[in-house]
2 protein chains.
Amino acid sequence: MAKHDRDLSLLFHALADPTRRSILTRLAGTPAAVTDLAGPTGLRLPTVMRHLAVLEEAGLITSSKDGRIRTCAVVPQALDPVRTWLDEHRAIWEARLDRLDAFVTNVMKENGT
Amino acid sequence: MAKHDRDLSLLFHALADPTRRSILTRLAGTPAAVTDLAGPTGLRLPTVMRHLAVLEEAGLITSSKDGRIRTCAVVPQALDPVRTWLDEHRAIWEARLDRLDAFVTNVMKENGT
DNA sequence: ATCATGCTTAGCCATATCGCTAAGTATCAG
DNA sequence: CTGATACTTAGCGATATGGCTAAGCATGAT
């Protein structure tokens, strides 16, 4: 439970910036070099590097250097914890909405969670 | 597309803090008063108030005051934009993983999306 | 009227974030 | 070797964040 706290915080924080999200979107189709990623943002290279570092720390992207070119690529499974958190909470929230709190409690008992 | 940018940033930022996530979790089952929410965090009231303000600005909770007690409750649909963003990106990312980009494009055409 | 309770506001401090420039380092081309 | 390219590092400034205390205000109980 509390174990994933840091992961989640890093992930959510990484996703909280429009520039970083646009980088992720741009990176979705194909891996790209740092300069290619910087282009459309209109930001300077060091600034973009920082964003990439944040994304990499959160585990959302990987990068490797070939010659003088660093290529960045997306890490699809990285979003799993976010998705899990979302699913759990949506379940509880909607249960509350439908006034089925008891039901949820029951399901959780059945799952042994 | 760019229209939801601010919403998403506010949402992700609100979710990036462990204290705020714990408040949301605590609030999942039942609405609660500010003091009740502050208790388990070990933080002072003004600090908790700030967290609540962030959550409310992001649309994740609502609050109303009855007498001198402010009661906070979760807003379940608030997570929809997050879920949407996640779904879209997971689709693209996994497509890339499985090298089935063409297939996804196809499905999207069939769905008229 | 008085006091306790529950929230609210104002303001301080430390640290983090996001942008930048300037000056590196490391390839690759000629 | 020289120069261009592609990143990298160092460090600065403005603003935002997350915590606090102290003091204020409104309501409920006595």
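Values in this document were obtained by computation on a predicted structure and should not be read as measured data. Just so it is clear: chains get the letters A, B, ... in the order the sequence lines come, proteins before strands, and each one is counted from 1.
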Rounded distance (Å) that lies between atom P of D:dT17 and atom CG of B:L10: 10 Å

Qualifying residues under side-chain contact (heavy atoms from CB on, under 4.5 Å), relative to A:H51, sequence neighbours excluded: A:D17, A:T19, A:R20, A:I23, A:L43, A:T47

Residues that B:A38 engages under side-chain contact (heavy atoms from CB on, under 4.5 Å), provided they are two or more places apart: B:L45, B:V48

Rounded distance (Å) that lies between atom C1' of D:dC12 and atom CZ of A:R44: 16 Å

Side chain to side chain donor-acceptor pair (under 3.5 Å) against A:R21, all qualifying residues, sequence neighbours excluded: B:S9

Pairing residues for B:D87 by the side chain to side chain donor-acceptor pair (under 3.5 Å) criterion, not counting sequence neighbours: A:R83

Value in whole Å for how far the C1' atom of D:dT17 lies from CZ of B:F12: 19 Å

Whichever of A:T19 and B:D36 has its nearest DNA chain C nucleotide further upstream toward 5': B:D36

Which residues share a side chain to side chain donor-acceptor pair (under 3.5 Å) with B:R44, sequence neighbours left out: none

Length of the CE-C1' vector between B:M49 and D:dT17, whole Å: 17 Å

Which residues share a side-chain contact (heavy atoms from CB on, under 4.5 Å) with B:T71, sequence neighbours left out: B:P31, B:I69

For B:R70, all residues meeting side chain to side chain donor-acceptor pair (under 3.5 Å), sequence neighbours excluded: B:S63

Separation of atom CG in A:L45 from atom P in C:dT21, rounded to whole Å: 11 Å

Heavy-atom side-chain contact between A:R26 and A:P40 under 4.5 Å: yes

DNA chain D contacts made by residues 59-71 of chain A, counting heavy atoms under 4.0 Å: A:K65, A:R68, A:I69, A:R70

Base-contact (B) and sugar-phosphate-only (S) positions in nucleotides 12-18 of chain C, heavy-atom cut-off under 4.0 Å, - elsewhere: -----SS

